[in-house]
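Worksheet for the structure shown next.
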Amino acid sequence: MAVLKIVKYPDPVLETLGERVTEFNDELKKLVEDMFETMYAAPGVGLAAPQVGVSKRVFVMDCSGGRDPAQKIAMINPEVLRTEGDQTGEEGCLSFPGIFFHVKRALRAVVRAQDVNGNEFEIDGLELTARCMLHETDHCDGILFIERTTPLKRQMAKRQIKKRIKSGEWDEERTKDEARRMK
Ligand code: NI
């Protein structure tokens, strides 16, 4: 297993429609294992394949942050079947380090997907699970969470990112790696 480099905005892969997975082979299983490793190392509760530079409809999530094995889930070719109600809460994204804002999402979402062996299953998720599945399914569609906020907030976030790119603070991969090793 390996920790992969997380692609940051504005890399075009993040805004590209992911390809459907048709082969459930060892390559896919390795990608999923590496994505879990990368997500836990970040740390984060969800990570989609475009965020590691792979334009495929794959995401991993664990809303328990590694505490509950039942919540460690990989969803291949996710499809939102139903949503219900709404919730507004703070959201972040590993491709936007340090950027958080309130995003309105459905309170409940039923998502159908395939596992790494191609078997279909559904998750009926509430609150954080619903938010996470919707955020990650969006990634598979090339839609970013900044598109789910107001134009004003989006503009502010983009301005902040531009400043951080200019000052060299945006690509923190190396520093984070070093910080981890120091612990
Ligand atoms: Ni994200």
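First listed ligand is number 1; within each ligand, the first listed atom is number 1.
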Can you measure from CD1 (I165) to NZ (K162) and round to the nearest 0.5 angstrom? 9.0 Å
Under the side chain to side chain donor-acceptor pair (under 3.5 Å) test against N77, which residue among R57, Q114, K56, E19 passes? Q114
The residue among V116, N119, I76 that forms side-chain contact (heavy atoms from CB on, under 4.5 Å) with F24 is I76
Partner of L31 under side-chain contact (heavy atoms from CB on, under 4.5 Å), chosen from D26, V21, V52: V52
F101 vs F145 aromatic rings, parallel, tilted or perpendicular, using cut-offs 30° and 60°? parallel
Hey, are E91 and R148 close enough for a salt bridge, meaning a charged N less than 4.0 Å from a carboxylate O? no
Using a distance threshold of 2.8 Å, what protein N/O/S atoms lie below it relative to the Ni ion (ligand 1)? C93 SG, H135 NE2, H139 NE2
